[in-house]
Amino acid sequence: MDFIRIVIAVLLPPLGVFLQVGFGGAFWLNILLTLCGYIPGIVHAVWVIARR
């Protein structure tokens, strides 16, 4: 299941984080990072998924 979440995180980083943690602080931080740049959003999303 984590592999699918990581693939989703590469395509749509906020969706991958949402599937892992819901509407928490990590989700909103990921939206902010994705708006600032796509790569920081991906890195954060993969980190959140791998951490849990």
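Only heavy atoms go into these numbers, but all of them, side chains included; no hydrogens, no water, no symmetry mates. Numbers here simply count residues along the sequence, with the first being 1. Since this is a predicted model, take the numbers as computed values, not measurements.
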Problem set entry | Shortest non-hydrogen contact from Gly41 toward Asn30 | O-ND2, 2.9 Å
Exercise. Linking I/L/V/M/F/W/Y whenever their side-chain heavy atoms sit closer than 4.5 Å, directly or via other members, would Val46 and Phe27 fall into one cluster?
Worked result: no
Which donor-acceptor pairs under 3.5 Å do side chains of residues 4-20 form with protein atoms, sequence neighbours excluded?
unit_1: Arg5; atom_1: NH1; unit_2: Gln20; atom_2: OE1; d: 2.9

Problem set entry | ring pair (Phe, Tyr, Trp, His ring centres under 6.0 Å) against Phe3, all qualifying residues, sequence neighbours excluded | none
Exercise. Would a 4.5 Å heavy-atom cut-off, applied to side chains only, mark Leu32 and Trp28 as touching?
Worked result: no
Exercise. Partners of Leu29 by side-chain contact (heavy atoms from CB on, under 4.5 Å), sequence neighbours excluded?
Worked result: Leu33, His44
